[in-house]
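Proteins come first, then strands; the chains are lettered A, B, ... in the order of their sequence lines, and each starts at number 1. Everything quoted here is computed from the prediction, not taken from an experiment.
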There are 2 protein chains.
Amino acid sequence: MDTLIKLLREKNCKITPQRIAIYHALNDSKEHPNAEAIYKKLAPAYPTISLATVYKSLELFSELGLVQVINIGENSFRYDSNTTSHPHVVCNICQRVEDLDNEFFQHLSERVESLCDYKIKNQQLCFYGTCANCIV
Amino acid sequence: MDTLIKLLREKNCKITPQRIAIYHALNDSKEHPNAEAIYKKLAPAYPTISLATVYKSLELFSELGLVQVINIGENSFRYDSNTTSHPHVVCNICQRVEDLDNEFFQHLSERVESLCDYKIKNQQLCFYGTCANCIV
DNA sequence: GTACTTGCAAATATTTTGCAGTTAC
DNA sequence: GTAACTGCAAAATATTTGCAAGTAC
């Protein structure tokens with residue numbers, strides 16, 4: 001919450017109602033929304049907000065390490081205010097995206113490094129299937 | 001190679017020079033090219049080929065299970081004629097994408113299923129870091 | 001011969017950019 | 001007061017679609 005305010009202040013970025021609204025919209029959501037979805041969610045309360053501002057704010061948040069960008073193979077990017085490295089599970093039917101928290105997956109990069117000559121910095125793990133609601 | 005011909009014939013799809021060229025361009029490459037890159041690679045030898053044809057062919061190949069679509073967090077899709085489930089390693093500096101083949105990663109989906117209520121069908125594992133050439 | 005395919009051009013979708021006006025501080 | 005930010009419109013980028021002409025079989 002106030003991580004945002006603190007970090008914006010530290011980095012000499014202006015604290016604007018738009019940035020606060022965009023960050024809160026993302027942080028309050030478990031849906032891993034894309035820019036368009038955040039924009040539509042805010043439109044009723046912020047009728048003059050623009051999609052460009054949403055994009056610009058999300059890019060800033062991403063640079064500040066406040067959000068992570070995820071791509072589940074759609075043609076748009078989704079955002080997650082949980083910036084820890086964690087796998088995502090995607091339902092092929094309802095497109096729901098859920099977080100998976102497990103320390104087990106944190107150590108995969110070590111195994112990757114033992115298999116190739118890369119120095120691994122981060123990872124994106126995405127599992128696709130059918131969620132409990134969509135299994136008939 | 002002739003998997004393509006055989007499969008197109010089986011599915012009553014026409015065997016055209018464009019489809020053959022596009023599949024071979026992908027299959028001969030280790031670069032995990034996107035549609036644009038394949039198009040540019042073919043342009044000298046096939047001056048009248050169109051980008052739309054490249055997209056349509058790649059979509060067909062993907063439906064036929066001849067190629068897999070991968071997304072490494074760019075704003076375009078890349079293609080891989082290796083259709084087995086395998087992790088990719090991406091160099092953050094030179095954007096090189098390499099395959100990693102190791103049975104260990106095949107069994108992650110079982111662990112995911114034990115952690116959530118999804119029936120997992122496939123997975124996309126992407127590790128980001130610095131390749132041997134780019135480590136100075 | 002005919003159904004499928006190609007290639008063009010136009011449409012659509014997503015994201016970025018330029019810039020004039022506005023706002024945080 | 002000023003540098004940063006917003007919101008609009010236009011541009012850039014990636015992908016899809018409609019359709020007339022061409023091609024595989």
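When each of Ile49(B) and Asn75(B) is assigned the nucleotide of DNA chain C with its nearest heavy atom, Ile49(B) is the one assigned upstream, toward the 5' end.
The phosphate of dT16(C) has neither OP1 nor OP2 within less than 4.0 Å of any side-chain N or O from Tyr55(A). Note on Gln18(A): every side-chain N or O is 4.0 Å or more away from OP1 and OP2 of dT23(C).
Protein atom CG of Leu51(B) is 16 Å distant from nucleotide atom C1' of dT5(C), rounded to whole Å. Straight-line distance from the CG atom of Leu60(A) to the C1' atom of dT16(C): 15 Å, rounded to whole Å. Residue Asn12(A) contributes atom CG, which lies 13 Å from atom P of dA3(D) at whole-angstrom precision. Residue Leu58(A) contributes atom CG, which lies 15 Å from atom C1' of dT6(D) at whole-angstrom precision. Following rounding to the nearest Å, Tyr39(A) (OH) and dC8(D) (P) show an atom-to-atom distance of 7 Å.
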Assign a letter to each nucleotide of nucleotides 18-25 of chain D from its 5' end: B, base within under 4.0 Å of a protein heavy atom; S, sugar-phosphate only; -, no contact. B-----BS

Given the rule in the side-chain contact (heavy atoms from CB on, under 4.5 Å) test, do Asp117(A) and Asn133(B) qualify, once you have shown the distances and angles that lead to the verdict? CA-CA 9 Å; Asp117(A) 278 343; Asn133(B) 283 342; over 6 Å; no

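Looking at the side chain of Ser50(B), the nearest of the listed nucleotides dG7(C), dG7(D), dT5(C) is dG7(C).
Note on residues 54-73 of chain A: pairs passing side-chain hydrogen bond (donor to acceptor under 3.5 Å, both in side chains), not counting sequence neighbours, are Asn71(A)-Asn71(B).
Under the 30°/60° scheme for interplanar angles, the aromatic rings of His88(A) and His32(A) are found to stand perpendicular.
Among the heavy atoms of the strands lying under 4.0 Å from Ser76(B) are primed sugar atoms or P, OP1, OP2 only; no base atom is included.
For the atom pair CD (Gln18(A)) and OG1 (Thr16(A)), the distance works out to 4.5 Å, reported to the nearest 0.5 Å.
The number of heavy-atom neighbours closer than 6.0 Å to CD of Glu103(A), taken from other residues, nucleotides and ligands shown, is 12 or below.
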